[in-house]
Amino acid sequence: MTEVTFFRVISLTVIILSVGLAWFFIKTVSNSHDQDKSQLKKQAKEEAIRYSVVIGVIYMVVVLALGSI
């Protein structure tokens, strides 16, 4: 039972980090010539946190739903 829990925690961490970092780098590179650098990084960081949490919640709902089948 604990192996399954560790797998879920590790996979959730990997998904949250990968989505957050990918979103941050995509937003900073794609908009690097449009805005001030500090404002751009602040906005990209906030969006990355928001979307990684949303994806993490969706992922856990799906994993828990599949685990109860």
Side-chain angles (χ1 to χ4, degrees):
M1 185 68 180
T2 57
E3 296 86 17
V4 175
T5 304
F6 286 137
F7 175 74
R8 287 180 183 168
V9 169
I10 290 171
S11 63
L12 177 64
T13 304
V14 168
I15 287 175
I16 285 177
L17 286 176
S18 61
V19 168
L21 289 174
W23 189 269
F24 179 77
F25 287 123
I26 288 171
K27 291 300 277 188
T28 55
V29 170
S30 66
N31 294 334
S32 63
H33 57 341
D34 291 344
Q35 296 178 357
D36 180 31
K37 295 285 184 186
S38 63
Q39 182 66 22
L40 176 69
K41 284 187 178 183
K42 182 181 176 185
Q43 182 182 5
K45 179 182 172 185
E46 291 173 357
E47 288 182 11
I49 291 171
R50 183 181 320 128
Y51 289 121
S52 64
V53 168
V54 168
I55 294 297
V57 168
I58 292 171
Y59 174 75
M60 283 309 296
V61 167
V62 169
V63 166
L64 291 175
L66 291 175
S68 66
I69 291 179

Tell me the closest heavy-atom pair linking [X] and [Y], and the distance in Å.
X: Ala44; Y: Thr28; result: CB-CG2, 3.9 Å
X: Gly20; Y: Ala48; result: O-CB, 3.3 Å
X: Ile49; Y: Ser52; result: O-OG, 3.0 Å

Check for me, please, whether Val57 and Met60 land in the same ILVMFWY cluster - side-chain distances under 4.5 Å, paths through other members count. no
Spell out, yes or no, whether Val63 and Val19 are grouped together once hydrophobic residues are joined by side-chain heavy atoms under 4.5 Å, including indirect joins. yes
Starting at [atom1] of [X], measure out to [atom2] of [Y] and round the result to the nearest 0.5 Å.
X: Leu21; Y: Ile16; atom1: CG; atom2: CD1; value: 11.5 Å
X: Lys27; Y: Glu47; atom1: NZ; atom2: CD; value: 4.5 Å
X: Leu40; Y: Asp36; atom1: CG; atom2: CG; value: 8.5 Å

Contacts of Lys42 meeting side-chain contact (heavy atoms from CB on, under 4.5 Å) (sequence neighbours excluded), chain-then-number -> Glu46
Ile55 and Ile15: side-chain contact (heavy atoms from CB on, under 4.5 Å), yes or no, with the steps? CA-CA 8 Å; Ile55 294 297; Ile15 287 175; 3.8 Å; yes
Between Val62 and Leu66, does a side-chain contact (heavy atoms from CB on, under 4.5 Å) hold up when you go through it step by step? CA-CA 6 Å; Val62 169; Leu66 291 175; 4.0 Å; yes
Verdict with reasoning, Leu64 to Arg8, per side-chain contact (heavy atoms from CB on, under 4.5 Å): CA-CA 9 Å; Leu64 291 175; Arg8 287 180 183 168; 3.5 Å; yes
